[in-house]
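Presented below is the structure to which this report refers.
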Protein chains: 2
Amino acid sequence: MTQPVARTRIQRKNIALISEAALSVFSTWGFRGSTVDQIAKEANLSKPNLLYYFPSKEAIHQYLMSSLLETWLDPLRELDENGEPLDEILTYMRRKLQMSRDHPRESRLFANEIVQGAPRIHEMLETELKELVDEKARVIQGWMADGHLAPADPWHLIFSIWSLTQHYADFDVQVKAVLGPEKPDPFPDAEAYLTTLFTRVLTI
Amino acid sequence: MTQPVARTRIQRKNIALISEAALSVFSTWGFRGSTVDQIAKEANLSKPNLLYYFPSKEAIHQYLMSSLLETWLDPLRELDENGEPLDEILTYMRRKLQMSRDHPRESRLFANEIVQGAPRIHEMLETELKELVDEKARVIQGWMADGHLAPADPWHLIFSIWSLTQHYADFDVQVKAVLGPEKPDPFPDAEAYLTTLFTRVLTI
DNA sequence: CTCGCGTTTGACCAAGTGGTCAAAATGAAG
DNA sequence: CTTCATTTTGACCACTTGGTCAAACGCGAG
C-alpha cells in the first residue's frame, strides 16, 4: 500500500487530508525534521489513524513526491518544438514562476529534498528528469543553431530558469525581508524582470 | 557562552572541530533534522564533551551562522561604486559562484535555514542584509540612470545573482544528475554561461 | 434494525532525543 | 612531582519519536 488506492469515500477524503498536511509539514521542515505527529495533528487525525492509511512516514513522503512529480515537470513537457522559440521559453519561465507563486509548498518540498542530497528521489533525477531535460535542451540547441535564438548553453539555460523562478518560492522569506513590508508581493516585478532578462539573453 | 571565547589551545582545537562537524551536519540535514550525537560523532568527541563547549544545539547553530555571515556577505560589500559597472557586477557574480564551488556546505547551511522559513536568522535578514542590499541596489540604480548599464530592477538583479550562483551549490545533486557522469564539474560551463547572461542583460 | 467491514482510538513499546552530573582523567605552572 | 583548573566520560533522565495492537466504534447494505 505504498501508493494507496482509495476505494471508499472516507479513504479518498482522509488520503487527501493527509497529503495536504504532509505537504505543509514536509515542505516546512524537511523529511527528517518532520514528525508523524505533526502531520497527524495538521490533518486532524490521530497518529494511529494516519498510519492506518500509510504504513510509514517514508510511504507518505514517497506518495507525495510521486503524485507531485508530474505537476512539477509538466511545464517543461509543454515546451513546443514547433512554437516560436523565444515565446516558448518565456512561456515556460512564466509557468514556472506561476507555480512558485501558486504552489510554493510544492517547490519547497522539492527544494528541501534536493538541498539535502535527494536521497529519496536521486534515481528519478538521473532517469526521468535527465531524459526530459536532455530532450528539451536539444530542441533549444536546434533553435540556436538555426539562428532563432542567441547561442548559449541550453542545459544551463534550463537550470537558470529553474533557479530564477523557484527562488521566489524557496527563498521567499529572504526576498520579502530584503524588499521590506512596502513590497509584499514581489511577483509582478519578478515577472517583468525575468521577462526582460531572458529576452535580452536570447535575442540575437 | 553562546559565542565561546577560546582561551586555551585545547578549546581552540575543539571549537574548530565542532564548527567543522556542525557545518557538515547542519548543512546536510537542516537544524531539526540534525542531532547532537551526529555532530559529536563527526567531531570525534563524546556528546557531553561537546556540550561542555556549547550549552546547546541551538548555541552551536547560532555560533556557526554568525561566524559565517560575514564571509557570506563579503562579496557584495566589495562591490565598488567607483569601479567599471559591468565589471563590478561580473566580478561579484564570479565571487559568488566561486563560493558555491569552494564552500557548498556554507551555501546549503543558509539555504536550509531560509527554505525552512529562516526562524533563527529572520531578524538579521530584515536588518543587516536588507541595509546592505538596499545600499548596493541604489549604487546599481545610479549606474543605470547614468546610462552605464541597461535598465533593470536592481533588487531583482541582485536576487538573480544569488539564485543563479547558489543554485550550483544548493542543487548540485540535481545539476550533476541532469548533466550526467561525463560532466562531473559544471562550474566552468556555468561561469561561461553566467558571464554571457549578465553581459547580455546589462549591456546597453 | 442489525450485521459486518471499514475506521478510529487509547495504551503501549523500543529506540532516539537534548541535556545533566558527579567523578575521573589530564594538562600545565610552580 | 605536586597541585589545581581544565577537560573528558559513563551513567542517567525526561521527553519525543516512529510504529504496533487489540479493542471499540460507526456507516451503509440488506
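Below, read A as the first sequence line, B as the second, and so on, with proteins coming before strands; counting in each chain starts at 1.
- Between A:N49 and the phosphate of C:dT7, there is no side-chain N or O to OP1/OP2 separation shorter than 4.0 Å.
- Toward the 5' end of DNA chain D, the nearer of the two residues A:E58 and B:N44, judged by each one's closest nucleotide, is B:N44.
- Put simply, CG on A:L50 is 14 Å from P on D:dT17, counting in whole angstrom units.
- When the C1' atom of C:dG18 is taken as reference, atom CG of B:L45 falls 17 Å away, rounded to whole Å.
- Among the candidates B:L64, B:L23, B:L50, B:N49, the single residue satisfying the side chain to side chain contact (heavy atoms under 4.5 Å, CB included) test with B:I18 is B:L50.
- Between the CZ atom of B:F54 and the C1' atom of C:dT20 there is a distance of 18 Å, given to the nearest Å.
- The salt bridge (charged side-chain N to carboxylate O under 4.0 Å, His left out) search around B:R101 returns none, not counting sequence neighbours.
- Within the structure, a side-chain polar atom (N or O) of B:Y52 is placed less than 4.0 Å from OP1 or OP2 of D:dT7.
- For the pair A:F31 CZ and D:dT17 C1', the interatomic distance rounds to 12 Å; values are reported in whole Å.
- Residue A:R32 contributes atom CZ, which lies 11 Å from atom P of D:dG18 at whole-angstrom precision.
- Proximity of A:N14 to the phosphate of C:dG6: no side-chain N or O atom is located under 4.0 Å from OP1 or OP2.
- Heavy-atom distances to DNA chain C give each of B:I10 and B:S56 a nearest nucleotide, and the one nearer the 5′ end belongs to B:S56.
- For B:T8, no side-chain nitrogen or oxygen approaches OP1 or OP2 of D:dT6 to under 4.0 Å.
- Relative orientation of the A:F26 and A:H61 rings is perpendicular, given thresholds of 30° and 60° on the angle between their planes.
- At the phosphate of D:dC27, neither OP1 nor OP2 sits under 4.0 Å from any side-chain N or O atom of A:R9.
- A donor atom on one side chain and an acceptor atom on the other are found under 3.5 Å apart for A:N14 and A:Y53.
- Judged by distance alone, the side chains of B:T28 and B:R108 never bring a donor and an acceptor atom under 3.5 Å apart.
- Rounded to whole Å, atom P of D:dT17 lies 9 Å from atom NZ of A:K57.
- For a distance-only test at 3.5 Å, the side chain of A:K47 qualifies as a donor-acceptor partner of the base of D:dG18.
- Base engagement by A:L51 is indicated by at least one non-hydrogen atom pair under 4.0 Å involving a base atom.
- Whole-Å rounding puts the A:W29 CH2 to C:dT17 P distance at 17 Å.
- The phosphate of D:dT6 (OP1 or OP2) has no side-chain N or O of B:Q11 nearer than 4.0 angstrom.
- In this structure, the CZ atom of B:R12 is 11 Å from the P atom of D:dT7, given to the nearest Å.
- Along DNA chain C, the nucleotide closest to A:S46 and the one closest to B:D37 are compared, and the more 5′ of them pairs with A:S46.
- Looking at the side chain of A:P48, the nearest of the listed nucleotides D:dG18, D:dA11, C:dT9 is C:dT9.
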